[in-house]
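What you see is a predicted model; the values in this text were computed from it and never measured. So you know, we letter chains A, B, ... as the sequences are listed, proteins then strands, and number each from 1.
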2 protein chains.
Amino acid sequence: MEYKFSDNINSLKPSAIREILKTSGNAIPLSAGNPATEAFPEDYIIEITADILKNNAVTALQYSITEGYQPLKDEITYLAKNRYGIDNEGDGIIITSGAQQVMNLSAKAFCNSGDTVICESPSFIGSLNSFRSYGLKLRGVPMKPDGMDIDELEKALKESENVRFIYTIPNFQNPTGYTTSLEKRHKIYELAQKYDVLIIEDDPYGELRFAGEFIPPIKSFDTDGRVVYSGSMSKIISPGLRVGFAIANEEIIQKFAVCKQCDDVHTAVLPQMIAYELISKYDFENHIQSLKKIYKRRATLMTDLADKYLKDYVEYHKPDGGLFLWCTLPDHIDIKDFVKKALDNGVAVVPGFAFAVSEDEPCHSIRLNYSTPSEEQIKTAMKVLGDLIRKECK
Amino acid sequence: MEYKFSDNINSLKPSAIREILKTSGNAIPLSAGNPATEAFPEDYIIEITADILKNNAVTALQYSITEGYQPLKDEITYLAKNRYGIDNEGDGIIITSGAQQVMNLSAKAFCNSGDTVICESPSFIGSLNSFRSYGLKLRGVPMKPDGMDIDELEKALKESENVRFIYTIPNFQNPTGYTTSLEKRHKIYELAQKYDVLIIEDDPYGELRFAGEFIPPIKSFDTDGRVVYSGSMSKIISPGLRVGFAIANEEIIQKFAVCKQCDDVHTAVLPQMIAYELISKYDFENHIQSLKKIYKRRATLMTDLADKYLKDYVEYHKPDGGLFLWCTLPDHIDIKDFVKKALDNGVAVVPGFAFAVSEDEPCHSIRLNYSTPSEEQIKTAMKVLGDLIRKECK
């Protein structure tokens with residue numbers, strides 16, 4: 001038979017990153033966003049998983065409640081208070097199937113088809129596509145090294161109809177690696193108040209700060225219950241477990257639970273229990289420190305090599321944490337063609353337009369990831385990219 | 001701030017079953033749909049999980065592909081061919097976060113807001129709510145002990161606008177326990193062809209047949225690629241793992257993958273690997289036989305006691321498998337009041353109207369589950385229900 005798909009889904013394209021990953025074969029993967037394999041606390045996971053199943057198999061295997069495994073909820077609530085200063089009266093928490101599900105639940109719970117979401121431009125494609133899958137209009141606000149252009153944000157809020165929320169990744173944003181300053185965090189919150197919209201604060205990378213000072217999340221000064229704070233175990237424990245969470249006003253959490261009931265009933269229990277044991281009983285602080293060490297080393301290596309090979313032709317801003325370096329090439333270089341040439345030379349990178357809010361935006365950037373490749377691979381790849389760019393600029 | 005939720009979600013009520021479970025405390029749980037705890041292959045899961053993490057931790061912990069863990073996909077494809085006769089050219093498979101996600105993906109991929117889904121009436125509330133969460137209209141077709149009323153199904157197809165699919169649970173339906181006959185399965189397929197609509201065939205209980213003969217799924221004679229077959233590990237291995245799957249034409253599977261990418265990226269990997277090891281290396285057939293033995297024993301106990309205590313006042317049809325017995329009480333009994341009285345007497349049951357397609361349908365039934373309570377609990381509960389009904393009929 002001939003299939004007719006929904007209007008929302010028909011217009012959605014598969015992730016450009018996925019397509020690149022599919023064809024990149026043995027190329028050096030500067031294209032992924034995977035945590036470093038050696039960062040997984042494997043031995044400890046083996047030990048605690050055996051304990052969980054030995055002592056508590058029925059809990060791990062039986063149906064559970066939609067809001068999540070209570071000890072994990074309590075532990076994350078405690079951490080969010082003590083590490084990030086998130087402690088607002090009336091807030092609750094729900095465990096999700098990765099932070100991606102928070103974006104899905106936000107679109108589903110808050111938005112009617114045709115409503116507008118204001119996003120940083122560029123932004124994480126997974127979130128943008130999740131919003132698109134509900135027929136939402138995306139309005140991009142240019143991203144600067146210290147966060148969104150605030151004048152443009154106000155313009156977007158003023159000009160757009162039915163804005164439901166502002167979507168921001170304040171720490172080490174994907175794809176730019178940029179971090180929103182405290183001043184801008186306050187301004188974003190004030191504008192959200194002025195125009196009475198919500199903020200979805202997506203913070204999967206916040207724990208991975210290896211330079212500069214901690215900046216409090218917007219959620220920490222959310223007196224109105226206006227912010228949905230989204231966190232994830234993916235970058236600090238393991239993405240394969242698919243455990244994320246949202247902290248928001250209890251009224252929102254209850255709506256999220258109704259939506260999640262329709263989507264996947266609850267998040268797999270064993271991964272939730274593993275995450276709980278890791279956070280509460282493992283030396284979590286020490287684990288985070290060792291992660292930061294790995295990422296700092298790789299990021300420094302990559303930016304040093306950028307200084308050596310790319311500096312004369314390429315703009316970039318050294319990240320204070322996270323997984324990505326965003327490089328803007330000279331205007332005359334065709335990015336699609338460049339990415340293909342890089343791949344032909346054994347290096348996979350993601351073209352910046354994959355993260356564009358609207359397709360017709362010009363984009364001369366590429367996203368480089370330093371968490372997945374080894375140090376040797378980073379050395380080889382940066383030289384290849386440097387040679388290619390120099391050739392294009394002759 | 002004052003929250004505004006989406007139109008679709010605002011009109012959605014939390015599952016009535018969840019609400020009952022929340023207040024039922026220590027009552028005997030004839031209200032749940034949980035597999036029997038002693039049915040979990042705990043020891044084997046402990047063993048294989050240790051092996052997986054010892055030999056293959058990085059695969060279990062790293063990001064994976066949206067379509068699922070390849071060995072599990074291959075194994076389920078093989079089982080579906082050999083056990084159910086599902087082997088259509090051009091079909092593919094996607095692993096989902098429980099079968100609930102198949103309903104979510106079907107609504108998302110196929111339907112625009114306002115489209116119609118044709119459902120058995122009554123039907124599984126989780127699926128109905130998933131469809132409602134996309135703003136879909138539900139048209140119910142009365143359920144008989146051998147499946148949908150076919151004349152009413154044709155009437156529904158003729159009268160409804162923009163019908164996208166027929167939703168059916170052909171084996172031991174939730175909540176009725178009824179099984180659709182082979183003849184009716186063919187008629188449903190012919191009507192789907194005549195009116196050019198899809199069929200979502202939801203089969204979580206198919207392996208739990210303890211009486212009567214195997215009936216081939218509609219998918220097994222799907223020459224048009226018109227059927228999405230949904231299966232689940234929840235009732236045969238463990239619901240806490242949240243592993244389900246859909247088998248459908250590859251074009252549909254690819255759209256499901258695009259949607260799932262937006263929803264939760266991929267299903268947690270460790271649960272997929274556990275499911276794979278269990279199905280492929282454990283004595284799966286023996287495990288299924290032992291499950292059937294447990295459920296047959298409990299079902300027989302419950303229906304024998306129904307014959308003893310309820311027969312004169314209550315209509316029911318003995319199930320050939322699955323988890324549920326559907327009991328229709330005399331018209332004069334107010335079901336809401338009866339369910340409350342049962343709870344006051346220590347027995348939790350679900351009122352039939354929780355499964356109604358439209359709220360104004362009259363419903364005089366209750367759903368009894370025999371997989372969760374122990375045999376002793378079933379004995380006590382059935383006597384309590386019998387006493388209550390007799391009192392109401394005096």
Side chain, backbone, both or neither: which part of [X] has a heavy atom under 4.5 Å from chain B?
| X | value |
| --- | --- |
| A60(A) | backbone |
| F5(A) | both |
| P35(A) | both |
| I274(A) | side chain |
| R132(A) | neither |

Sidechain-backbone polar pair: [X] side chain, [Y] backbone, donor-acceptor under 3.5 Å:
| X | Y | answer |
| --- | --- | --- |
| T96(A) | F245(A) | yes |
| N249(A) | D91(A) | no |
| E277(B) | I52(B) | no |
| H287(B) | I236(B) | yes |
| S232(B) | P204(B) | no |

> Pairs in or reaching into residues 103-117 of chain B: which pass side-chain hydrogen bond (donor to acceptor under 3.5 Å, both in side chains), with residues at least two apart or in two chains?
Replying inline: D7(A)-N112(B), S133(A)-K108(B), N104(B)-Y134(B), N104(B)-D263(B), K108(B)-D263(B)
> Given that the side chain runs from C-beta out, which part of F40(B) has a heavy atom under 4.5 Å from chain A: side chain, backbone, both or neither?
Replying inline: side chain
> Relative to chain A, which segment of D43(B) carries a heavy atom at a distance below 4.5 Å: side chain, backbone, both, or neither?
Replying inline: neither
> Is it the case that T267(A) and Q272(A) place a side-chain donor and acceptor less than 3.5 Å from each other?
Replying inline: no
>> I'd like to know if the side chain of Y167(A) pairs up with that of S127(A) as donor and acceptor (distance under 3.5 Å, no hydrogens or angles considered).
In response: yes
Max heavy-atom pair count under 4.5 Å with chain A, selected residue of [options]:
| options | value |
| --- | --- |
| E2(B), Q101(B), E42(B), K4(B) | K4(B) |
| A268(B), A57(B), G33(B) | A268(B) |
| G135(B), C111(B), G98(B) | C111(B) |
| N8(B), L105(B), D196(B) | D196(B) |
| N34(B), I46(B), I45(B) | N34(B) |

>> Does this structure show an ion pair linking K219(A) with D222(A), if we count only N-O contacts that are shorter than 4.0 Å?
In response: yes
> Looking at G225(A), C262(A), S64(A), which one has more heavy-atom pairs under 4.5 Å with chain B than the rest?
Replying inline: C262(A)
>> Tell me which of these, L270(A), D224(A), V269(A), D264(A), has more heavy-atom pairs under 4.5 Å with chain B than the rest.
In response: D264(A)
